[in-house]
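In what follows, a single structure is set out as structure tokens and then discussed.
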There are 2 protein chains.
Amino acid sequence: MFAKLPVSGHTDTMTTRRERLRAATFEEIKTAALSQIAEVGGSSLSLRGVAREIGMSPAGLYRYYDGRDELLTDLIADAYKDLATAVESAIDEGGDSPHDRFAAGMRAYRRWALEQPNRFLLIFGTPIPGYEAPDDGPTVEGNRRMGEAFFSVGVDAWRRGQMPPVALGRPTTEGERNLAADIDPEMPPEFIPVMLGTWAHFHGLVTLEVLNQFRWLYGDDSEVLFESEIERLLSGLGVSG
Amino acid sequence: MFAKLPVSGHTDTMTTRRERLRAATFEEIKTAALSQIAEVGGSSLSLRGVAREIGMSPAGLYRYYDGRDELLTDLIADAYKDLATAVESAIDEGGDSPHDRFAAGMRAYRRWALEQPNRFLLIFGTPIPGYEAPDDGPTVEGNRRMGEAFFSVGVDAWRRGQMPPVALGRPTTEGERNLAADIDPEMPPEFIPVMLGTWAHFHGLVTLEVLNQFRWLYGDDSEVLFESEIERLLSGLGVSG
DNA sequence: TGACAATGTGAACACCGTTTACATATCATG
DNA sequence: CATGATATGTAAACGGTGTTCACATTGTCA
């Protein structure tokens, strides 16, 4: 790269002018759509509204997206990736102990959800009618990344002997065993459902908080519930703080 | 009342002909709306579609509901009540031990959600844009009923000495103490957040299952995860089976 | 320079929720 | 029983939406 260029100057970055403009327009569309979603929620996202906001005719948007559903799909994928990175980096910088790293990840999950509730509901709320998650799509990809991040903390805790074995009370399924073997051949497969259950636990807390289902009891201060639940949930895992 | 009537015979039940027709039309509207919701989800419920289905002009619906939002509000209220009764009666008939009654309630919650996912998402999915839950409305009423049902099982377990005290790791809030005192003056207030957390736990499981977030690992058989989580969650409460 | 593809527009279509003016059926009352 | 009031339903219209189509314009590249 950094090729020599004629005096007229152009196309040094191997991207043609049109491609740059197109990329910029994509960004403009997405940011406009995101701001609209933050206000009115994903289900009321209006294509014509986006077109209006960026000063383009409604039909013009169809040069970029095949319709409203495809735009939403793109935004959903972005949201998944964004949440995953938020959780990943929070875990990375969460400290040394598994306890602290778990807690950091959960707090990042909650913070992300509360800071952009409509985007969170884009992922974990009612699915958009037209949207069907492809099995290899970026939504499962985001899920995989988040799962991996949490699982890795669990594995670490287990290696340190800080995560005692669990009595599952039933035989593990084949899927659980395969996944566990994928992560670490010696990892007890019982940890898989336990970690999934842990995710479900704080996900439920976050979901209900986003939907204001705790306000009647905690008002604007539902953080205390979340914090004490983190401790209870981690101590249930045997991961002491 | 029970006024004498001419031979022509009518209006014995104190309901006039118009009132009966009106009530019937209300039912017809609701069932049509429900069937439409089951197919396409609450967010795509169409007033004109309902009108078409029952053979009425769109404007005619406005003699029964002030608009789409009010119809949806009514259906949401019904769903809340319905879920609450399902959970209540499941707990009632769940057996003697707190363990079995808890489990029965949770299973009913899950079954109800999986059997009518769109209706469940009407309650716990992305809120309908125009809808704002009134603080004294039937949604909080439904929540209250469900909460009461579960709390009562917890209280019973505690009275039997089957629910050991919990170390919350923080002082209880005023709201928690008030609610606990309301339920039973001698009940330890720490049970409140623990029960709420328990609700969040299996609610998260159900939500993720409704959104198919477990299919990648469990396929169509995610019940095993739910069942083992019930046990883990109850044993975390100290309620043994 | 000219052909070609990419990009954007305006008008139209079908659908939606909602309001308005009007017709009809039911009711309560003289 | 007749009459006026009220409840119920309709047709037409308005502004909004997503989407398509024919057409103009612009950038790219041989």
Side-chain angles (χ1 to χ4, degrees), chain A residues 5-6 8-29 32-33 36-37 40-75 128-131, chain B residues 1 3-29 32-33 36-37 40-75 128-131:
Chain A
L5 34 144
S8 39
H10 50 325
T11 181
D12 44 354
T13 84
M14 176 191 182
T15 78
T16 158
R17 165 172 169 76
R18 262 223 280 253
E19 279 169 335
R20 262 175 294 135
L21 286 187
R22 184 172 177 81
T25 309
F26 262 112
E27 281 315 305
E28 209 180 349
I29 294 176
Q36 207 174 104
I37 285 181
V40 297
S43 72
S44 340
L45 172 72
S46 150
L47 263 195
R48 293 184 110 101
V50 172
R52 221 166 2 227
E53 188 168 332
I54 69 175
M56 184 152 120
S57 87
L61 288 180
Y62 283 78
R63 303 289 175 192
Y64 295 86
Y65 290 100
D66 232 22
R68 207 186 85 121
D69 283 359
E70 204 174 286
L71 170 55
L72 275 170
T73 302
D74 201 21
L75 297 175
I128 299 302
Y131 177 66
Chain B
M1 43 184 83
K4 73 284 140 255
L5 32 145
V7 188
S8 41
H10 47 328
T11 181
D12 45 355
T13 85
M14 175 192 179
T15 76
T16 158
R17 163 172 170 76
R18 263 223 280 255
E19 279 169 338
R20 263 176 296 134
L21 287 187
R22 182 171 179 82
T25 308
F26 262 112
E27 281 314 307
E28 210 180 349
I29 294 176
Q36 206 174 108
I37 283 181
V40 298
S43 71
S44 336
L45 173 72
S46 147
L47 264 195
R48 294 182 109 102
V50 172
R52 215 164 345 184
E53 188 168 333
I54 68 175
M56 184 154 122
S57 85
L61 289 179
Y62 283 77
R63 302 287 176 195
Y64 296 86
Y65 291 100
D66 232 20
R68 207 186 84 119
D69 283 0
E70 203 174 285
L71 170 55
L72 274 170
T73 301
D74 201 20
L75 297 175
I128 299 301
Y131 177 66

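A note on names: the letters A, B, ... follow the listed sequences, proteins ahead of strands, and every chain is numbered from 1.
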B:Y65 OH to D:dA7 P, straight-line distance once rounded to whole Å: 18 Å
Between D:dT10 (P) and B:M56 (CE): distance, integer Å: 6 Å
Start and end of chain B contact along DNA chain C [non-hydrogen atoms, under 4.0 Å]: C:dC16 to C:dC27
Between D:dC14 (P) and B:Y62 (OH): distance, integer Å: 17 Å
D:dT17 OP1/OP2 closer than 4.0 Å to side-chain N/O of A:R68: no
Nearest-0.5 Å distance, CG of residue B:L75 to CD1 of residue B:I37: 5.0 Å
Approximate separation, where rounding is to 0.5 Å, of B:S57 OG and B:R52 CZ: 12.0 Å
Shortest non-hydrogen separation from B:L47 to B:G67 and the atoms involved: CD1-C, 4.2 Å
For atom CZ of B:R22 and atom P of D:dT6, their distance in whole Å: 16 Å
Min side-chain heavy-atom separation A:L45-A:L71 under 4.5 Å: yes
Heavy-atom closest pair, residues B:Q36 and B:V50: NE2-N, 3.5 Å
Residue mapping more 5' on DNA chain C - nearest nucleotide basis, B:R52 or A:G55: A:G55
Sugar-phosphate, base or nothing in reach of A:S57, heavy atoms under 4.0 Å: base
Gap between atoms CD and P, on B:E19 and D:dA7 respectively (whole Å): 11 Å
Sugar-phosphate only, base, or nothing, as touched by A:G60 at under 4.0 Å among non-hydrogen atoms: base
Interatomic distance where CZ belongs to A:R63 and C1' belongs to D:dC21 [whole Å]: 10 Å
From B:L61 atom CG to B:I29 atom CD1, the distance as rounded to the nearest 0.5 Å: 5.0 Å
Non-hydrogen side-chain atoms of A:Y64 and A:M56 separated by less than 4.5 Å: yes
Terminal axis angle for the helix from C:dT1-D:dA30 to C:dG30-D:dC1, five pairs an end, nearest 10 degrees: 10°
A:S43 to A:R68 - nearest heavy-atom pair and separation: O-NH1, 3.4 Å
Length of the CG-C1' vector between A:L45 and D:dG18, whole Å: 11 Å
Earlier contact from the 5' end, DNA chain C, for A:R48 and A:P58: A:P58
Sugar-phosphate, base or nothing in reach of B:L61, heavy atoms under 4.0 Å: nothing
Whole-Å gap separating C1' (D:dT26) and CG (A:L21): 11 Å
